[in-house]
Amino acid sequence: QVQLVESGGDLVQPGGSLGLSCAASGSDFSIYAMGWYRQAPGKQRELVAVITSGGNTNYADSVKGRFTISRDPAKKTVYLQMNNLIPEDTAAYYCNARRVLASVVRENYWGRGTQVTVSS
């Protein structure tokens, strides 16, 4: 079992920056791929960024060059640094921990989310 708690959501002006954190507790943090997803009102949840246990990263096209995902195994925390924010980034942001073995998702955990609002 893994428990995930997000923090850092806020109201920010367009062009601004914000950093999100996700603290994990429970099972061995290092074996999970960690991701950030977001869901805007009336839209489906979408992948923002993911970082594997080995440190490989992948980003949605809409955030490439603006967002950076990282993880600190010692603190069991994953981060999402968001720069040059635009109103379309407004959403609830969710942390995800996933363990895949032989192409099958064995474990999948979600945090409760943190709200990011980009508005002037």
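In this chain, residues are counted from 1 in sequence order.
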Got a second to check how far [X]'s [atom1] is from [Y]'s [atom2], nearest 0.5 Å?
| X | Y | atom1 | atom2 | value |
| --- | --- | --- | --- | --- |
| Ile51 | Trp36 | CD1 | CH2 | 12.5 Å |
| Gln115 | Arg38 | CD | CZ | 11.5 Å |
| Leu80 | Met34 | CG | CE | 12.0 Å |
| Phe67 | Leu20 | CZ | CG | 8.0 Å |
| Arg98 | Arg106 | CZ | CZ | 14.0 Å |
| Glu88 | Ser62 | CD | OG | 9.5 Å |

Give the minimum heavy-atom separation between [X] and [Y], together with the two atoms involved.
| X | Y | value |
| --- | --- | --- |
| Phe29 | Ala24 | CD1-CB, 3.7 Å |
| Ala49 | Tyr59 | CB-CD2, 3.5 Å |
| Thr90 | Ala40 | O-CB, 3.7 Å |

Practice task
For Arg71 and Ala33, indicate whether the former's side chain and the latter's backbone hold a donor-acceptor pair under 3.5 Å.
Solution key: no
Handout entry: Side chain Thr114, main chain Tyr93, donor-acceptor under 3.5 Å
Key =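 Flag not set: sc Thr114 to bb Tyr93 has no pair under 3.5 Å.
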Side-chain contact test, heavy atoms from C-beta onward, threshold under 4.5 Å: evaluate it for [X] versus [Y] and give yes or no.
| X | Y | result |
| --- | --- | --- |
| Arg66 | Asp89 | yes |
| Trp110 | Arg45 | yes |
| Ser25 | Lys76 | no |
| Tyr109 | Gln1 | yes |
| Ile86 | Val118 | no |
| Cys22 | Val78 | yes |

Practice task
Would you check if there is a donor-acceptor pair between the side chains of Gln81 and Tyr79 at a distance under 3.5 Å?
Solution key: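 Looking only at side-chain atoms, Gln81 and Tyr79 do not form any donor-acceptor pair under 3.5 Å.
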Handout entry: Under 3.5 Å side-chain donor-acceptor pair for Arg99 and Tyr32
Key = no
Problem - Cluster check Val50, Tyr37: I/L/V/M/F/W/Y, side chain < 4.5 angstrom - result: yes
Problem - Common cluster, Tyr94/Leu47, ILVMFWY with side-chain heavy-atom separation under 4.5 Å - result: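 Yes, one cluster joins them.
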Handout entry: Ion pair Glu6/Arg112, N-O distance below 4.0 Å
Key =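 Between Arg112 and Glu6 there is no salt bridge, as every charged N stays at least 4.0 Å from the carboxylate O atoms.
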List the atom pairs, donor and acceptor, that lie under 3.5 Å between side-chain atoms in residues 10-18 and the rest of the protein, sequence neighbours left out.
residue: Ser17; atom: OG; partner: Asn83; partner atom: OD1; Å: 3.0

